[in-house]
Amino acid sequence: MPETEPKRNFITEIIDEHNQTDRFQGRVHTRFPPEPNGYLHIGHAKSICLNFGIAQQYGGLCNLRFDDTNPAKEEQEYIHAIINDVRWLGYDWGDRLFFASDYFDQLYDMAVELIRIGRAYVDQLSPDEIRAYRGTLTEPGIESPWRERPVEENLALFAKMRAGGFQEGEAVLRAKIDMSSGNINLRDPVMYRILATPHPRTGDAWRIYPMYDFAHGQSDSLEGITHSICTLEYEAHRPLYDWYLDNIEIYHPQQIEFARLNLSHTVLSKRKLIRLVQEGYVAGWDDPRMPTISGLRRRGYTPEAIREFCDEIGLGKVKGIVALHKLEYHIRHDLNKRANRVMAVLNPLRVVIENYPEDMTEELEAINNPEDASAGARKVPFGKVLYIEREDFMEAPPRKFFRLAPGREVRLRYAYFITCREVIKDAAGEVVELRCTYDPETRGGSAPDGRRPKATLHWVSAAHAIEAEARLYDTLFTVENPDADRDQDFTAFINPQSLQVVAAALVEPSLATAQPGDRFQFERLAYFVVDADSTSERLVFNRTVTLRDQWKKQQQKQPRRRKQRRSARSQSG
RNA sequence: AGCGAGGUAGCUCAAUUGGCAGAGCAGGUGCCUUUGGAGCACAAGGUUAAAGGUUCGAGUCCUUUCCUCGCUGCCA
């Protein structure tokens, strides 16, 4: 990885201070700890880049650890997907792939130890009673009647819980802390609950499972983690994290919290993403409209662009929504350097070059990537009948429309200048064909007399073009923050136009050998990636992101401007 | 209301720990161009939530107020 400016943020500040005071003997060891209950999304990418990035920056290590303490929600499928996604993002955990379930025996021993020293007890209140006894945000809780039972009895009961002597909900192990604490996490939190569900890894070996709080800090401790970085909602859990480690008296890492990522025009909670999949709003976890890593990958995003994005949005404790166009900026920036240019016409309009010989074909040279000389050049066939983009012609062009119009000359990229001589319409009055002439002197795209058309159009040869499917994606939601409305479900804001399929786009023949995952820029249109659905008979392209379109922006701007000018005039008059 | 966290440009973050409030992106204007893309240049954008205090000097320290977010799972 290229050495860049060391990133400074509030976390590196804390680490620097630890290094100065020698708290961890200069070690930096982080971890990325997903629960395998869904696919990773761009928000996780921020955490992954942070944890692995900090470790890299300080010459330390980062573990991958699955927080698999709740078998009711977790699946093997997700474990594979997560491993695949982290690797694809470009990070390596060496031989340090761990599972919280690896520590079930040790965690059990720690719980027994807390019972022995009188800091944990088996509670037989029902779940409802526990809730009622917990108190509220403003009122203290009430101690359970089981809170003071003798150590020996607790030991026996906890063993009975483990052995299956209780049903789910009949008993839990609780830490004896403080039922009147202002921090509700400290009001005798549950350490172990009974779950009859088999575990994806430990099968039927256990009937009791540790809660997140009882598993996480100790897992960090056992792995020698120095900085346990998590999101802001765990802030109130830190005193509990510390309490367990201090009372069990084991090595004590530092928990640090940062603000999770929110991205505009999408949702980033597993609960909502799982609904999008299950209720059929998208085709699956890797639907190119999903903000999942697998969705972004299929959409054509590169790991580099995602990493750059995570790097740029920075790190803080302020919750905010990052605009989607920031992500788009980074993928354009990356693809601009690496994607070969090709010509493809999404909405074809037939053009016949009247003065071009009937059965002549020429092979014209086209640059693959003006940003990268090593990408070389290719040959593009040219003939009498071509297709151009329908939007590139207007019969009655407005003032700033520089593309093709009756009587006007434009350049066909890498080919010739053509002039529109006649417009052919069908019975309904729709333009179906343009009769043009070409200037043989302008082969390759420049004129000996130095004249320069204002527009250059992309095109394909009718005789050589390949038909392909193009899937045009837009944002999944029409509003910036689909979560913001308290009265309406986020699904009310789904964009009905988020996928538009162009069944018969025409692409240049060089694309015949394109393979799934190959990325291209369709000149003047957008970046596209070959989808996994693609076959040699039928190419399928996903639009990753459009190019910035100044013409479109202009068009949207014009009316507003005129109105402003008019109102300015009326105000001054 | 209790506990905790936060409030600096439209957005995301800086500000060498008390010393001229800056950057990227977005938006604006212009230049250039065989992608109306890319690129380049320039300008604009701020009462640092508010008030008071300490100080030669406050985004930074103190006090008060306001606003936002999280927390009452046997989820993570």
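Lettering follows sequence order; numbering is per chain, from 1. For the numbers below, each heavy atom of this structure counts, side chains included, while hydrogens, waters and symmetry mates do not.
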Cation-pi, A/Trp459 ring and A/Arg413 (6.0 angstrom, 45 degrees): no
For [Y], is there an ion pair with [X] - N to carboxylate O distance below 4.0 angstrom?
X        : Y        : result
A/Glu409 : A/Arg451 : yes
A/Glu233 : A/Arg260 : yes
A/Lys317 : A/Glu235 : yes
A/Arg65  : A/Asp220 : yes

Under the salt bridge (Lys or Arg N to Asp or Glu O under 4.0 Å) test against A/Glu304, which residue among A/Lys337, A/Arg338, A/Arg519 passes? A/Arg338
Counting heavy atoms from C-beta on, name the nucleotide in [options] closest to the side chain of [X].
X        : options             : result
A/Arg131 : B/G36, B/U35, B/U72 : B/U72
A/Lys317 : B/A1, B/A5, B/U35   : B/A5
A/Asn185 : B/C71, B/A38, B/A1  : B/C71
A/Phe402 : B/G36, B/C74, B/A76 : B/G36
A/Gln521 : B/U35, B/G37, B/C3  : B/U35
A/Leu137 : B/U72, B/A5, B/A76  : B/U72
A/Lys326 : B/C25, B/C74, B/U35 : B/C25
A/Arg452 : B/C74, B/U33, B/G6  : B/U33
A/Glu13  : B/A76, B/C13, B/U17 : B/U17
A/Arg524 : B/G24, B/U35, B/A26 : B/U35

Please say which of A/Glu308, A/Glu312, A/Arg307 ends up in a side-chain hydrogen bond (donor to acceptor under 3.5 Å, both in side chains) with A/His330. A/Glu312
Base of [N], side chain of [X] - is there a donor-acceptor contact under 3.5 Å?
X        : N     : value
A/Arg341 : B/U35 : yes
A/Tyr329 : B/A26 : no
A/Glu139 : B/U72 : no
A/His237 : B/A76 : yes

If you measure from the [atom1] atom in [N] to the same atom in [M], how many Å do you get, rounded?
N     : M     : atom1 : result
B/G28 : B/A44 : C1'   : 7 Å
B/U35 : B/G24 : P     : 26 Å
B/C25 : B/U17 : P     : 28 Å
B/A51 : B/A58 : C1'   : 15 Å
B/C66 : B/A9  : P     : 22 Å
B/A41 : B/C32 : C1'   : 10 Å
B/U29 : B/A38 : P     : 15 Å
B/C3  : B/A21 : C1'   : 34 Å

Measure the distance from [atom1] on [X] to [atom2] on [N] and round it to the nearest whole Å.
X        : N     : atom1 : atom2 : result
A/Asn262 : B/C69 : CG    : C1'   : 11 Å
A/His333 : B/G39 : NE2   : C1'   : 11 Å
A/Leu173 : B/G73 : CG    : P     : 19 Å
A/Lys319 : B/G6  : NZ    : P     : 10 Å
A/Ile367 : B/G37 : CD1   : C1'   : 16 Å
A/Glu35  : B/C75 : CD    : P     : 10 Å
A/Glu371 : B/A38 : CD    : P     : 10 Å
A/Leu240 : B/C71 : CG    : P     : 16 Å

If you pin A/Tyr414 and A/Val322 to their nearest nucleotides in RNA chain B, which one's is more 5'? A/Val322
Which residue lies more 5' along RNA chain B, comparing A/Asn369 with A/Leu232 via nearest heavy atoms: A/Leu232
Strictly below 4.0 Å: does [X] bring a side-chain N or O up to OP1 or OP2 of [N]?
X        : N     : result
A/Arg260 : B/A76 : no
A/Arg548 : B/A38 : yes
A/Thr69  : B/A76 : yes

Is [X] touching bases, backbone alone, or none of the nucleic acid, heavy atoms closer than 4.0 Å?
X        : value
A/Val172 : base
A/Asn336 : base
A/Leu327 : nothing

Between A/His44 and A/Lys270, is there a side-chain heavy-atom distance shorter than 4.5 Å? yes
For B/G70, does the O4'-C1'-N9-C4 (purine) or O4'-C1'-N1-C2 (pyrimidine) torsion place it in syn, i.e. within 90° of 0, or in anti? anti
Glycosidic torsion of B/U17 (syn if within 90° of 0, anti otherwise) classifies it as syn
If pairs are Watson-Crick or G-U with both distances under 3.5 Å, what is the dot-bracket string of RNA chain B, marking crossing pairs with [ ] and pairs to another strand with |? .((((((..((((.....[..))))..((((.......))))......(((((..]....))))))))))).....
I would like to know whether A/Lys379 and A/Glu365 meet side chain to side chain contact (heavy atoms under 4.5 Å, CB included); could you show each step before the answer? CA-CA 5 Å; A/Lys379 298 289 187 187; A/Glu365 185 169 277; 4.0 Å; yes
How about A/Tyr108 and A/Phe158: are their ring centroids closer than 6.0 Å? yes
Is the A/Tyr39-A/Tyr78 ring centre distance short of 6.0 angstrom? yes
